Amino acid sequence: MTQDELFKVLVAHCKEYGFIFPSSEIYDGLAAVYDYGQMGSELKQNIKQYWWNAMTRLNENIVGIDSCIFMHPKIWEASGHVGAFNDPLIDNKDSKKRYRADVLIEDYLGKIEEKINKEVAKGKKKFGESFDEEQFRATNPNVQRELKKYNEVHDRYVAAEKANDLAEYKQIIVDCGIVCPISGTCNWTDVRQFNLMFSTSMGSTAEGANTIYLRPETAQGIFVNYLNVQKTGRMKIPFGIAQIGKAFRNEIVARQFIFRMREFEQMEMQFFIKPGTELDWFKKWKETRMKWHVNLGMGAENYRFHDHEKLAHYANAATDVEFQFPFGFKELEGIHSRTDFDLGNHQKFSGKKIQYFDPETNESYTPYVIETSIGVDRMVLAVLSHSYKEEKLENGESRVVLAIPAPIAPVKAAVMPLVKNNEELVNLAQEIMNDLKFDFNCQYDEKDSIGKRYRRQDAIGTPYCITVDHDSLVDRCVTVRDRDTMTQERIPISELRALIDKKVNLNNLLRNL
Ligand code: GAP
């Protein structure tokens, strides 16, 4: 199966098993808006809890808030979003489809990278043990040719980005022969800027109504509450404010399922520091955030940093944590050194003094900020795409399993009486269920054969299945089947809670951080 096919299968699986549904589906859906079903919302909650606890429980100097989506419109002028939160868009005149010009170029560069990697893989296969990748990349004519092409386009692209040169974007697209995937033609319009903020009006009468924006990031809700939190919490620099909440962007190209949505959720933390210390804190937060990701056990090799060459209007250093999605390495989280841009501008626009008085040095200053910002939905997609596996079993059958890291799996254990028409078995299974449900999200399942029930639980990623059989009535033991190894173990009912807890307790993950 190609990665493309795998992705389609994953999207269908998410729908079939209650993870993610297209929004407003009975009205044919709404582009790039998705709803989370009974499994997806549990998974999302668990991811949010892992992040929230890692931020606010493990760090005494980080507190959480919950600010509103609607905010004073001046905030978005101060933050630079009204003037600069734009994407370069381009239309294909034949298909009438709209694209982001920068994404077209980046995808083109990605394809060249793929070609180079394929050549390297071929070389590796051919030369085996004696393969010297560095030398191969430096001397192989095919690699050299592709690399030259890559560097030329890349340099032009970076220069165009820096200069905000929209005409050059179009010229690169034309020169590289990038065609519309729908019409197959190179018949492009000029590139134009497009502001991504949604607006609506607030107020009871049309005359008195104010245009306000749906927040495109949660960060500004933190900045405008900086003074409130610092004063009421008696916070001393360095300290952080964390927040989880919805954000909205009118994305031009909203494809790839929940990777790029128009309504999505962010987990953001702004860390307030003394000016001049920002590069040390930037480094520290890069390490801390990577550790949080790798700690989930989805393979360190599936993450990498991508340092920004073009910095956002507010940053003096920035990097992305990229994850290997089915469509390649893509941004999962952004870490930015935002200087005093936001607090400084809010000070200017609001006319209120936003400063920190340092009692040790007796000086006041506008704090600098390191931001960590991750999309909840992208994290859900990272987990689901990494976890989805189709396996051939020894008996010739196959199974689909979601090997979701156990502490964030939606359902932790399924309790099953061997048969449903035996009252004693059913009673004991329900007794176990009623006991375990206070500690874990459990499912009770008595329908179909045990094999079918195992498959259903595998498909939603349940780490443990607990079967109550006739012997259980006598020896008070049950069969516990492990999702990943499929091994079965007979254990006393009294030991169930400890066994499950060892694997699924979120605190065990947090303790490793
Ligand atoms: N406050 C900084 C900020 O918003 P960003 O890089 O634009 O930075 C941060 O966004 C994260 O939010 C991204 O790394 C991504 O995970 C998520 N994100 C951004 N736009 C998104 C979208 N349209 N759909 C889903 N997630 C998105």
Side-chain angles (χ1 to χ4, degrees), residues 20 23 30-36 40 44 47-48 51 67 69 71 75-76 78-81 84-87 100 102-103 194-198 213-224 240-271 282 285-286 289-290 292-293 303-308 310-323 325 327 329-339 341-343 345 369-385:
I20 297 157
S23 170
L30 186 64
V33 188
Y34 290 91
D35 295 337
Y36 285 83
K44 209 174 168 197
I47 288 173
K48 289 198 268 187
W51 184 89
S67 72
I69 288 169
M71 296 202 278
I75 287 173
W76 304 111
S79 69
H81 284 82
F85 195 52
N86 302 317
D87 273 345
R100 266 176 62 175
D102 55 339
V103 171
F194 176 79
N195 192 285
L196 298 183
M197 281 198 295
F198 283 104
Y213 299 101
L214 301 191
R215 66 180 179 198
E217 61 171 17
T218 63
Q220 297 305 323
I222 294 179
F223 292 125
V224 297
I241 306 179
Q243 154 151 262
I244 300 178
K246 290 272 187 168
F248 304 83
R249 294 182 190 178
N250 195 1
E251 298 283 359
I252 302 168
V253 186
R255 270 193 257 118
Q256 292 165 325
F257 196 33
I258 55 169
F259 182 82
R260 199 177 299 287
M261 298 155 86
R262 296 203 164 101
E263 174 179 341
F264 58 100
E265 211 166 353
Q266 287 185 316
M267 307 190 277
E268 299 201 294
M269 193 278 301
Q270 313 295 326
F271 198 70
F282 179 68
W285 277 107
K286 269 177 81 169
R289 292 303 302 144
M290 187 56 97
W292 182 89
H293 285 288
Y303 301 87
R304 70 181 187 192
F305 286 116
H306 172 245
D307 294 333
H308 288 205
K310 184 197 174 196
L311 295 169
H313 59 274
Y314 48 71
N316 74 354
T319 194
D320 294 337
V321 176
E322 292 189 338
F323 181 75
F325 288 98
F327 36 85
F329 270 101
K330 294 274 176 230
E331 176 186 345
L332 173 59
E333 169 159 6
I335 301 167
H336 313 117
S337 170
R338 289 180 82 126
T339 66
F341 176 86
D342 302 88
L343 290 185
N345 268 6
V369 169
I370 302 297
E371 164 185 76
T372 72
S373 173
I374 171 170
V376 182
D377 312 272
R378 273 197 203 172
M379 192 60 203
V380 169
L381 185 59
V383 169
L384 287 173
S385 60

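Because the structure is a prediction, the values reported are computed rather than measured. For ligands, and for the atoms within them, numbers begin at 1 and follow the listed sequence.
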How does [X] reach ligand 1, if at all, at less than 4.0 Å between non-hydrogen atoms: by side chain, backbone, both, or neither?
| X | value |
| --- | --- |
| L332 | backbone |
| M379 | neither |
| R260 | both |

**Item:** Test side chain to side chain donor-acceptor pair (under 3.5 Å) applied to T339 - qualifying residues, sequence neighbours left out
**Value:**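 Not a single residue meets the side chain to side chain donor-acceptor pair (under 3.5 Å) criterion with T339.
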
**Message:** Applying side chain to side chain donor-acceptor pair (under 3.5 Å), can you list everything that pairs with D377, at least two apart in sequence or on another chain?
**Reply:**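 Counting only residues at least two positions away or on another chain, D377 forms a side chain to side chain donor-acceptor pair (under 3.5 Å) with Y36.
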
Could you tell me, atom by atom, which parts of ligand 1 come under 4.0 Å of a heavy atom of [X]?
| X | answer |
| --- | --- |
| E251 | 20 (N), 22 (C), 23 (N) |
| R338 | 1 (N), 2 (C) |
| G334 | 14 (O) |

**Request:** Any chance you could measure F305, atom CZ, to M290, atom CE, to the nearest 0.5 Å?
**Result:** 4.0 Å

**Item:** Spatial distance of atom CD1 (I244) from atom OG1 (T218) [nearest 0.5 Å]
**Value:** 9.0 Å

**Asked** Are any non-hydrogen side-chain atoms of N316 and F282 less than 4.5 angstrom apart?
**Response**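 The answer is no; the side chains never approach within 4.5 Å.
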
**Asked** Would you say the side chain of L332 lies within less than 4.5 Å of the side chain of D320, judging by non-hydrogen atoms?
**Response** no

If hydrogens are left out, which of [options] has an atom nearest to [atom], that is, the closest non-hydrogen atom?
| atom | options | value |
| --- | --- | --- |
| atom 10 (O) of ligand 1 | E371, Q266, E217 | Q266 |
| atom 13 (C) of ligand 1 | E331, E322, M267, R262 | E331 |
| atom 1 (N) of ligand 1 | E268, K330, Q220, R378 | E268 |
| atom 11 (C) of ligand 1 | A32, S373, P216 | S373 |
| atom 4 (O) of ligand 1 | R249, H336, R215, E333 | R249 |

**Prompt:** Under the criterion ring pair (Phe, Tyr, Trp, His ring centres under 6.0 Å), which of Y34, F264, F323, F325 is the partner of F259?
**Reply:** F325

**Complete:** Of M71, E268, Q270, the one forming a side-chain contact (heavy atoms from CB on, under 4.5 Å) with Q220 is M71

**Message:** Taking the basic N atoms (NZ, or NE/NH1/NH2) and the acidic carboxylate oxygens, is any pair closer than 4.0 Å for E217 and R338?
**Reply:**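 Answer for the salt bridge query: yes.
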
**Message:** G375 versus ligand 1: do any nitrogen or oxygen atoms come within less than 3.5 Å of each other?
**Reply:** yes

**Request:** Mark yes or no for whether T319, through its side chain, and H306, through its backbone, hold a donor-acceptor pair below 3.5 Å.
**Result:**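 Yes, the answer is positive, given that a donor and an acceptor are paired below the 3.5 Å cut-off.
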
Students should be able to answer this: which protein heavy-atom is nearest to [atom], and at what distance?
| atom | answer |
| --- | --- |
| atom 26 (N) of ligand 1 | F264 CD1, 3.5 Å |
| atom 24 (N) of ligand 1 | M261 N, 2.8 Å |
| atom 25 (C) of ligand 1 | F259 O, 3.2 Å |

